[in-house]
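Here's the structure, in structure tokens; my notes come after.
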Amino acid sequence: MSDAVNPYTAAHIQVLEGREAIRKRPGMYVGSTSERGLHQQVFEVSDWAVNEVLAGRADHVDVVLESDGLVRVAIDGPGIPVEAAGHVGAPCLEELLTRMHAGLRRDGRRFVGVGLFGLGPFVANALSSRLTAEVRREGVRWVQRYDRGAAAGPPLSEGPTTGTGTVIAFRPDADIFGTAECSFDALAEHFRTLAFLNRGLDISLTDQRPPSGPRSERFLFPEGAKDFVAFIAAQTGTSDETGVFGFEHEDPQIAGSVEVALKWSHTFTGGIQSFANSKPTPGGGSHVVGFREGVAAAINTLARKGQLLTTKIGTDLRPDRLCDGLTAVVSVKLDRPEFEGATRGILGNAEVREFVALAVQDHLITWLADDPRLASTVVSRIATDTWPAGASAPVVARPGGAQIQRAPESGQPPCRPHSSRPQHT
């Protein structure tokens with residue numbers, strides 16, 4: 001068909017920018033227009049608030065689901081700057097709510113990634129039928145209102161105040177999200193995970209909607225990843241065999257750090273949960289490979305040194321034999337993370353593999369070497385699991401000189417990252 005019959009010119013091209021683009025294709029920015037997208041809208045604001053805390057500009061994040069459908073996210077601190085008031089510093093209130101990529105830098109290890117594209121409150125504002133921002137700063141209460149992402153007017157001074165802080169309250173647009181409602185449990189899982197991965201982060205979530213009365217939960221975990229592993233074990237009913245071991249290690253050569261916590265148990269419900277810059281990496285990546293190799297190296301070193309494990313052919317325990325009964329959290333924070341795939345579910349930084357492996361090996365050897373009986377328990381637990389058909393089953397030396405050999409079995413699954421999430425009650 002010729003161009004003469006169906007001409008195509010620049011007039012046929014529609015250019016959408018800013019909030020118009022977001023409202024036209026909301027799924028591109030929050031993932032969907034269902035409950036999942038509604039939650040992402042909340043996270044666009046709450047993750048920005050978390051970064052304010054991590055940057056030292058606030059101490060606490062408070063999220064409230066109001067009975068009338070409003071979502072309120074509040075932080076303490078001095079209050080963000082208001083351009084109309086002549087405040088200096090960035091980002092100011094107007095930039096945060098009307099411009100893409102306004103806000104603190106989020107490309108370093110100190111911050112969590114905000115939303116799907118780092119747009120933050122700007123996206124939440126565009127997808128709200130109404131949004132009100134309140135800043136209490138330097139003795140003045142400033143308020144600015146928005147309708148479907150457009151400012152209804154400039155920030156206005158509404159009198160003196162003795163407090164400080166910033167509050168963003170928004171009503172998700174029913175024209176976009178329909179009848180979808182926020183799930184307390186889904187939001188709580190997200191906030192709980194962030195608090196586990198950022199030791200000292202303090203977040204509270206309150207639901208004012210239940211007829212029986214408000215529901216509230218606070219997320220603050222002084223032990224970080226160790227608390228995370230203990231929580232997973234409690235949720236899955238994992239029995240104790242070892243205590244929870246954990247460590248943090250930083251290396252300037254990779255411009256990053258790793259935090260690891262783990263425990264072994266008698267059950268087979270354990271798994272590896274991995275994160276990069278506080279974002280889940282369900283596909284694993286270089287940090288998970290390094291973790292598995294580090295655990296295998298530590299266990300084999302201790303087993304040979306303590307003569308806890310011998311085989312007729314001298315075969316070491318392989319990394320894929322370490323999953324059963326293992327519950328672990330592996331979290332890396334990098335200044336320059338590299339992800340594979342559009343969903344950013346796999347960490348690709350090659351140098352992280354060796355860094356994590358060496359750190360895990362060194363710290364795990366130290367932990368187990370301090371308690372020979374614990375080392376024997378862990379090695380015995382791993383070595384007496386299934387063994388590939390045709391290979392020599394390991395002989396485990398038990399205290400007192402007794403040795404037990406388990407027959408090989410087939411069908412042992414390889415060690416994979418843990419993809420399921422704990423169930424919350």
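Everything numeric here is computed off the predicted structure, so don't read it as measured data.
With hydrogens and angles ignored, the 3.5 Å screen pairs no side-chain donor or acceptor of Asn277 with any backbone N or O of Lys279. When atom types are taken as modelled, the side chain of Thr206 and the backbone of Val64 share no donor-acceptor pair closer than 3.5 angstrom. At distances below 3.5 Å, not a single donor-acceptor pair connects side-chain atoms of Asp62 with backbone N or O atoms of Ala74. Not one N or O on the side chain of Gln208 forms a donor-acceptor pair closer than 3.5 Å with the backbone of Glu66. Side-chain atoms of Ser32 come within 3.5 Å of backbone atoms of Ser34 as a donor-acceptor pair (strictly under, hydrogens ignored). Remark: the backbone N or O of Gly79 is not paired with any side-chain donor or acceptor of Arg136 at under 3.5 angstrom. Side-chain N or O atoms of Glu95 include one that pairs as donor or acceptor with a backbone N or O of Cys92 at under 3.5 Å. Between the side chain of Asn125 and the main chain of Pro121, no donor-acceptor pair closer than 3.5 Å is present. Remark: side-chain polar atoms of Arg36 are paired, donor with acceptor, to backbone N or O of Gly31 under 3.5 angstrom. The closest donor-acceptor contact from the side chain of Thr301 to the backbone of Ala297 lies under 3.5 Å.
With sequence neighbours excluded, no residue forms a salt bridge (charged side-chain N to carboxylate O under 4.0 Å, His left out) with Glu351. With sequence neighbours left out, the salt bridge (charged side-chain N to carboxylate O under 4.0 Å, His left out) criterion links Glu248 to Arg199. The side-chain hydrogen bond (donor to acceptor under 3.5 Å, both in side chains) search around Glu181 returns none, not counting sequence neighbours. Here His39 pairs with nothing under the side-chain hydrogen bond (donor to acceptor under 3.5 Å, both in side chains) rule; sequence neighbours left out. Partners of Phe355 under the ring pair (Phe, Tyr, Trp, His ring centres under 6.0 Å) rule, at least two apart in sequence or in another chain, are His249. For Asp68, the salt bridge (charged side-chain N to carboxylate O under 4.0 Å, His left out) partners are Arg171, not counting sequence neighbours. With sequence neighbours excluded, the residues that form a side chain to side chain contact (heavy atoms under 4.5 Å, CB included) with Ser331 are Leu197, Phe275, Lys333. Residues passing the side-chain hydrogen bond (donor to acceptor under 3.5 Å, both in side chains) test with Ser128 are Gln41, sequence neighbours excluded. Residues passing the side-chain hydrogen bond (donor to acceptor under 3.5 Å, both in side chains) test with Glu94, sequence neighbours excluded: none.
With respect to Val143, the side-chain contact (heavy atoms from CB on, under 4.5 Å) criterion is satisfied by exactly one of Val167, Thr132, Val82, Val135: Thr132. With respect to Phe170, the side-chain contact (heavy atoms from CB on, under 4.5 Å) criterion is satisfied by exactly one of Leu70, Leu97, Val71, Leu127: Val71.
Looking at heavy atoms from C-beta onward, Thr166 lies in side-chain contact with Trp48 at the 4.5 angstrom threshold. Side-chain contact between Thr327 and Trp264: absent, with no pair of heavy atoms (C-beta onward) separated by less than 4.5 Å. Between Leu96 and Ile80, the closest side-chain pair of non-hydrogen atoms falls below 4.5 Å. Side-chain contact between Pro155 and Glu83: absent, with no pair of heavy atoms (C-beta onward) separated by less than 4.5 Å. With contacts defined as side-chain heavy-atom distances shorter than 4.5 Å, the pair Phe339/Leu347 qualifies. Within the 4.5 Å cutoff, side-chain heavy atoms of Phe122 are placed close to those of Ile22. Contact annotation: the side chain of Phe247 approaches that of Val360 to within less than 4.5 Å [non-hydrogen atoms, C-beta and beyond]. Annotation: side chain of Thr98 is in contact with side chain of Tyr146 (closest heavy-atom distance under 4.5 Å).
No hydrogens or angles considered: nothing links the side chains of His287 and Asn349 as a donor-acceptor pair under 3.5 Å.
Atom CD1 of Ile75 sits about 11.5 Å away from atom OG of Ser46, to the nearest 0.5 Å. Rounding to the nearest 0.5 Å gives a distance of 9.0 Å between CG of Asn51 and OG of Ser278. Considering CG of Leu358 and CZ of Arg353, their distance stands at 11.5 Å, rounded to 0.5 Å. Annotation: the span from Asp59 atom CG to Glu52 atom CD amounts to 12.0 Å, rounded to 0.5 Å. In this structure, the separation between CG on Leu205 and OG on Ser216 is 7.0 Å, given to the nearest 0.5 Å.
Checked for salt-bridge contact, Glu217 and Arg192 meet the test: a charged N lies under 4.0 Å from a carboxylate O. In this structure, Glu338 does not pair ionically with Arg336, as no charged nitrogen and carboxylate oxygen lie closer than 4.0 Å.
Within the structure, salt bridge (Lys or Arg N to Asp or Glu O under 4.0 Å) pairs that include any residue of residues 142-155 comprise Arg145-Glu158, Arg148-Asp173, Arg148-Asp175 (at least two apart or interchain). Identified under the side chain to side chain donor-acceptor pair (under 3.5 Å) test for residues 358-368, with sequence neighbours left out: none.
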Check the pair Arg373 / Asp371 against salt bridge (Lys or Arg N to Asp or Glu O under 4.0 Å), numbers first and verdict last. CA-CA 6 Å; Arg373 183 171 294 275; Asp371 189 342; over 6 Å; no

Would you check, one step at a time, whether the test side-chain contact (heavy atoms from CB on, under 4.5 Å) holds for Val244 with Leu262? CA-CA 6 Å; Val244 179; Leu262 59 84; over 6 Å; no

side-chain contact (heavy atoms from CB on, under 4.5 Å), that's the test. Do Asp47 and His190 meet it? Break it down for me. CA-CA 10 Å; Asp47 287 358; His190 179 80; 3.0 Å; yes

Tell me, with the steps shown, if Leu54 and Val112 meet side-chain contact (heavy atoms from CB on, under 4.5 Å). CA-CA 9 Å; Leu54 297 179; Val112 303; 4.0 Å; yes

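Nearest heavy atoms, Val356 versus Gly290: CG1-C, 3.9 Å. Considering all non-hydrogen atoms of both residues, Gly348 and Ser286 come closest at C-OG, 4.2 Å. When all heavy atoms of Pro81 and Arg57 are compared, the pair lying nearest together is CD-NH2, 4.0 Å. Here the closest heavy-atom approach between residue Leu201 and residue Ala195 is recorded as O-CB, 4.0 Å. When all heavy atoms of Phe43 and Leu187 are compared, the closest pair comes out as CE2-CD2, 3.5 Å. Closest approach of Ala180 to Leu38, counting heavy atoms only: O-CD2, 3.4 Å.
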Result block: side-chain N/O donor-acceptor pairs under 3.5 angstrom for residues 220-234, not counting sequence neighbours:
residue : atom : partner : partner atom : Å
Asp227  : OD2  : Glu223  : N            : 2.9

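Counting non-hydrogen atoms of other residues, nucleotides and ligands closer than 6.0 Å to CD of Glu35 gives a total above 12.
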